[in-house]
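Input: a single structure, listed below in structure tokens.
Side-chain atoms are counted along with the backbone in the values below, which use heavy atoms only and exclude waters and symmetry mates.
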Amino acid sequence: MATRTDAPTRREQILKEAARLFAERGFHGVGVDEIGAAVGISGPGLYRHFPGKDAMLAELLVGISGRLLTGGKRRAAESNGGDPEALLDSLIEGHIDFALDDRPLITLHDRELDRLRDSDRKLVRQLQRQYVELWVEVLREVYPALAEPAARSAVHSVFGLLNSTPHLGRPGSIPGRGATAELLHRMARGAFAAAAA
């Protein structure tokens, strides 16, 4: 994922704090006033940015699914049909960045996806399927003998591994970010190699 250097917008600040609070206390355990207080505006002031909590949740979950897919497509385009091994490594690195930097969104997805309207939930699933298929295609280029169903299972398994970061513990109780990223990368590559063996 590309790193932003400019300051986040008010809307982005609201979404970041909403994700953190929803992940910590659950969607129904957080009020609009608490989200507003976390970003220094009144609860009713949030309605200038979002019609309500449901809209925040939808933007968070649809947004991260879209960003993962867009990031994966960008990495594939940048590889320009080059080394599939390098592209697989790049996809893994991008997902690890998400898994380490957006841990509240993983928790939120696991707990609150069913709270989305049907149309938003279907969009999340559609974006996720496209993201999985991008990985499956690359994985099968790296391991041509790997059948498509096995490749898809391997991709889902690696996502489960990488998306386990909310359970790693608090900062200070785990290795630093760089060491954790390297460990996750080795484990992901090891899982793919094992699936192809």
Side-chain angles (χ1 to χ4, degrees), residues 1-2 19 22-23 26-27 57-79 81-169 174 177 179-197:
M1 300 254 161
F22 292 159
F27 180 73
L57 181 64
E59 188 159 331
L60 285 164
L61 296 181
V62 172
I64 192 54
S65 297
R67 286 196 314 272
L68 285 169
L69 177 59
T70 299
K73 286 180 174 180
R74 178 183 46 78
R75 289 170 185 273
E78 288 171 356
S79 80
D83 180 11
E85 293 266 358
L87 177 53
L88 182 59
D89 284 333
S90 180
L91 288 172
I92 293 169
E93 289 163 9
H95 199 93
I96 288 171
D97 285 344
F98 155 68
L100 292 176
D101 298 339
D102 292 309
R103 291 163 64 175
L105 288 176
I106 295 171
T107 301
L108 195 59
H109 179 276
D110 289 346
R111 290 185 191 160
E112 310 292 355
L113 182 64
D114 289 342
R115 298 199 190 285
L116 292 180
R117 293 179 310 177
D118 284 345
S119 58
D120 289 329
R121 191 169 51 252
K122 286 177 184 174
L123 180 55
V124 167
R125 293 298 191 202
Q126 177 186 10
L127 293 167
Q128 290 173 340
R129 277 193 301 274
Q130 291 176 47
Y131 185 57
V132 167
E133 292 311 308
L134 174 67
W135 280 64
V136 168
E137 184 178 324
V138 174
L139 186 60
R140 293 191 72 215
E141 287 181 39
V142 174
Y143 300 105
L146 190 60
E148 189 172 314
R152 193 168 291 106
S153 293
V155 167
H156 281 288
S157 297
V158 166
F159 286 173
L161 166 73
L162 299 179
N163 291 346
S164 68
T165 55
H167 309 290
L168 291 178
I174 58 173
R177 188 190 191 289
T180 301
E182 288 176 20
L183 174 63
L184 290 171
H185 196 117
R186 284 196 311 273
M187 292 175 72
R189 285 306 301 255
F192 285 143

**Request:** Please check if any side-chain donor atom of Arg125 sits under 3.5 Å from a side-chain acceptor atom of Gln128, or the reverse.
**Result:**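 The criterion, which ignores hydrogens and geometry beyond distance, is satisfied for Gln128 and Arg125.
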
**Message:** Can a side-chain donor-acceptor contact be found between Ser90 and Arg75 if the only test is distance below 3.5 angstrom?
**Reply:**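 A pair is found: one side chain offers a donor N or O, the other an acceptor, under 3.5 Å apart.
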
Side-chain contact, heavy-atom cut-off 4.5 Å: [X] with [Y]?
X	Y	result
Leu60	His109	no
Leu91	His95	no
Val158	Leu162	yes
Leu113	Arg121	yes
Ile96	Ile92	yes
Thr165	Leu184	yes
Val155	Phe192	yes
Arg189	Val142	yes

Which atom pair, heavy atoms only, marks the closest approach of [X] to [Y]?
X	Y	result
Val136	Ala151	CG1-CB, 4.0 Å
Ala19	Leu108	CA-CD2, 4.2 Å
Ala23	Pro104	CB-O, 3.6 Å
Leu134	Gly72	CD2-C, 3.3 Å
Ala76	Ser79	O-OG, 2.8 Å

Between [atom1] of [X] and [atom2] of [Y], what distance do you get to the nearest 0.5 Å?
X	Y	atom1	atom2	answer
Leu105	Leu61	CG	CG	7.0 Å
Asp83	Glu141	CG	CD	10.0 Å
Ser65	Leu127	OG	CG	5.5 Å
Leu69	Glu133	CG	CD	11.5 Å
Phe98	Arg103	CZ	CZ	11.5 Å
Glu59	Leu116	CD	CG	12.0 Å

**Asked** Taking the side chain from Arg140 and the backbone from Leu146, do they hold a donor-acceptor pair closer than 3.5 Å?
**Response**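 Side chain of Arg140 to backbone of Leu146, a donor-acceptor pair under 3.5 Å: yes, one is there.
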
**Asked** Is the backbone N or O of Phe27 less than 3.5 Å from a side-chain atom of Glu112, with the two atoms forming a donor-acceptor pair by type?
**Response**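 Confirmed, Glu112 side chain pairs with Phe27 backbone.
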
**Request:** Please work out which of the three classes, parallel, tilted or perpendicular, describes the rings of Phe159 and Tyr131, given edges at 30° and 60°.
**Result:** parallel

**Charged N-O contact under 4.0 Å between Arg152 and Glu148** = yes

**Message:** Could you work out, with side chain to side chain donor-acceptor pair (under 3.5 Å) as the rule, every residue matching Asp101, not counting sequence neighbours?
**Reply:**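 With neighbours one apart ignored, the set is Arg177.
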
